[in-house]
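Below: one structure, written as structure tokens.
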Amino acid sequence: MAAQKYYKLIFVGGVSVGSFLAGSYTEKNKIWDKLLNFGVPIFTTVSAATAFSPAVSPESNVSRVSEIMKYGFPGMDNVRSFDDFVLSYDRRNRVAHWVFEHLTAEKVKRNDNVDRTKCDFKPDESIHPFFRSLNSDYKGSGYDRGHLAAAGNHKQCQQHIEQTFYLSNMAPQVGVGFNRDAWNNLEKYVRKLTKVYTNVYCCTGPLYLPRKESDGKNYVKYEVIGANHVAVPTHFYKVVVGETKDGKLEMEAFVMPNQVIDSSVPLASFQVPPESIERAAGLLFFDNLARNKFSKINGKKT
Ligand SMILES: *[C@@H]1O[C@H](CO)[C@@H](O)[C@H](O)[C@H]1NC(C)=O
């Protein structure tokens, strides 16, 4: 019965789409106008007829991916693996859902053979053009192209650092006071954890959090930039797990608002229970491990 209803729905949908395509020019224009009124972007650079063949990337290193993702994938939406990090892409917001990295002291140490200044921000051709963000989206927006997987975490070779410059690894971030300051300090803190732990696993991503408005109701409101309407997250999170040589695990979870943050605010004040990020993001972090396997969460014994 349910299957039959579903079939009918598809059939009816098919008819209306069919009549739309067969309709007159003015009818179509009315529909476009309606979509525009709802704020649906009309892309002039890409049409549905544009053929899409994702760039063929070299075989990703399965053993490296399983090393990075050892304790579970937070979600499985459009997963894309690079040589030294893995990301899940949110096509609707044109920003990743999450980016996963595995850091060791060896991987983050200074390397004079890699040159960050040679890296260019570039569109990720593996993302369908409908959902891809472009440099032009960021231009004049007032936001930085903020790395999710930090460039400084991938210094083993030039190709690794260059891959962090794909726009699929970027999100619009407030520059001065956030990307270049408080957020950068958090990234440095995570790198320093490699001095304490043998393995550091780091998951980073955006949040779009609700705010109560004057009518007393909660709304999720965020800016979108450029012709591709790239979402400007309200907040960013990092969930970090340190693993000691003898297999002890400790977790820290941070949320920072995408705004100018006073440099005197200590990092610890951005710590939140990891569950609160999971609920807000719709993701489960380090899901292969029960939470009671962690000896500490946010510095507190569990
Ligand atoms: C693949 O990953 C493993 C594990 O990190 C590493 O030892 C190996 O060198 C990598 N191979 C290539 C071709 O990068």
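Remember, it's 1-based here, ligands and their atoms both numbered in the order they're listed. In this text the structure is predicted, and so the values were computed from the model without any measurement.
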Original post:
If you count the atoms of ligand 1 from 1 in the order shown, which ones are under 4.0 Å from a heavy atom of Ser63?
Top reply: 1 (C), 2 (O), 3 (C), 4 (C)

Original post:
Which of these passes side chain to side chain contact (heavy atoms under 4.5 Å, CB included) with Leu167: Arg145, Arg132, Lys122?
Top reply: Arg145

**OP:** Ignoring hydrogens, tell whether any protein atom lies closer than 4.0 Å to atom 7 (O) of ligand 1; use the non-hydrogen atoms only.
**Re:** no

Original post:
Counting only heavy atoms on the protein side, is anything nearer than 4.0 Å to atom 2 (O) of ligand 1?
Top reply: yes

Original post:
Looking at Phe82, is Arg80 sitting on its ring face, NZ or CZ under 6.0 Å from the six-membered ring centre and within 45 degrees of the normal?
Top reply: yes

**OP:** For this output row, return yes or no: ring centroids of Tyr71 and Tyr201 closer than 6.0 angstrom.
**Re:** yes

**OP:** Evaluate whether atom CZ of Arg279 has more than 12 neighbouring non-hydrogen atoms of other residues, nucleotides or ligands under 6.0 angstrom away.
**Re:** no

Original post:
Which protein heavy atom lies closest to atom 5 (O) of ligand 1, and at what distance to 0.1 Å?
Top reply: Glu67 OE1, 3.0 Å

Subject >> Any donor-acceptor N/O pair, Ser88 side chain to Trp98 backbone, under 3.5 Å >> reply: no

Original post:
Which heavy atom of the protein is the closest neighbour of atom 14 (O) of ligand 1, given with residue, atom name and distance?
Top reply: Asn61 ND2, 3.3 Å

**OP:** Would you mind running through ligand 1 and noting each atom that sits below 4.0 Å from a heavy atom of Arg64?
**Re:** 2 (O), 5 (O)

